[in-house]
J.: 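Take this structure, written in structure tokens, and hold onto it; I'll ask about it next.
The residues of the chain are indexed from 1 along the displayed sequence. Just so it is clear, the structure is predicted and the values come from calculations on it, not from any experiment. Side-chain atoms are counted along with the backbone in the values below, which use heavy atoms only and exclude waters and symmetry mates.
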Amino acid sequence: EAPAGAAAGPPAEAAGAAEQYRCRMCRRVLFHDTDIAAHVSKAKTKGRKWHRGGGQGASECSSQFLVDPPAWLHDSDQAQGKLACSCGAKLGAFSWHGLQCSCGAWACPAFQVVLSRVDRHLLHAG
């Protein structure tokens with residue numbers, strides 16, 4: 001049995017998507033770049049001690065947040081938990097109360113995918 005929050009099937013091709021993200025273990029397509037929520041990095045904020053990470057050398061976030069809950073999360077009634085692929089690979093976490101990015105920005109609700117757990121593939125036009 002797949003863990004709560006496990007990926008059930010690949011999403012349909014997103015219109016206008018330039019990239020797709022796949023599970024690093026089984027290569028299943030999980031989401032597209034059009035599913036990623038933009039957020040403002042807090043890494044350049046000075047005098048703030050409430051955020052973790054985002055040191056002076058941080059230029060990129062180590063994770064991405066999805067705009068909407070993934071279709072494969074529908075069977076979870078928990079307020080927070082782990083995002084996992086159907087192969088069992090841990091992909092990240094979710095919380096309806098919010099999570100903090102490595103850059104210090106907050107997302108609420110949060111569906112956070114750790115970039116080291118997925119592969120990014122460019123989609124070819126044409």
J.: Under 4.5 Å between any side-chain heavy atoms of Phe111 and Pro70, yes or no?
T.: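 Answer yes - side chains close enough.
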J.: Is any side-chain heavy atom of Val118 less than 4.5 Å from a side-chain heavy atom of Arg24?
T.: no
J.: How long is the span from the OG atom in Ser95 to the CD atom in Gln78, to the nearest 0.5 Å?
T.: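 Between atom OG of Ser95 and atom CD of Gln78 there are 11.0 Å.
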J.: Is there a path of hydrophobic side-chain contacts, each under 4.5 Å between heavy atoms of I, L, V, M, F, W or Y residues, that connects Val67 with Trp96?
T.: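 Each belongs to a different hydrophobic cluster.
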J.: Can you tell me how far the CZ atom of Arg28 sits from the CG atom of Asp119, to the nearest 0.5 Å?
T.: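 If we round to the nearest 0.5 Å, Arg28:CZ and Asp119:CG are 15.0 Å apart.
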J.: Minimum heavy-atom separation for His32 to Leu123, with atom names?
T.: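 It is CD2-CD1, 4.2 Å.
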J.: Do you reckon Val114 sits in the same ILVMFWY cluster as Leu30, going by side-chain contacts under 4.5 Å, direct or chained?
T.: no
J.: Any idea which heavy atoms bring His97 and Cys108 closest together, and the distance?
T.: O-SG, 3.3 Å
J.: Report the distance from atom CG of Asp33 to atom CZ of Arg120, rounding to the nearest 0.5 Å.
T.: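 Here the interatomic distance stands at 9.0 Å.
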J.: Parallel, tilted or perpendicular: which fits the ring planes of Phe31 and Tyr21, with parallel below 30° and perpendicular above 60°?
T.: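 Ring orientation, 0 to 90° scale: parallel.
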J.: Would Leu91 and Leu115 show up in the same hydrophobic cluster when neighbours are defined by side-chain heavy atoms closer than 4.5 Å?
T.: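 Same cluster.
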J.: Short question: side chain of Ser63, backbone of Gln112 - any donor-acceptor pair under 3.5 Å?
T.: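 It does not hold such a pair.
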J.: State the CG-CH2 distance between Leu99 and Trp106, to the nearest 0.5 angstrom.
T.: 7.0 Å
J.: Looking only at heavy atoms, which two atoms of Lys90 and Arg117 are closest? And how far apart?
T.: O-NH1, 3.1 Å
J.: Looking at CZ of Arg22 and CZ of Arg27, how far apart are the two atoms once the value is rounded to the nearest 0.5 Å?
T.: 8.5 Å
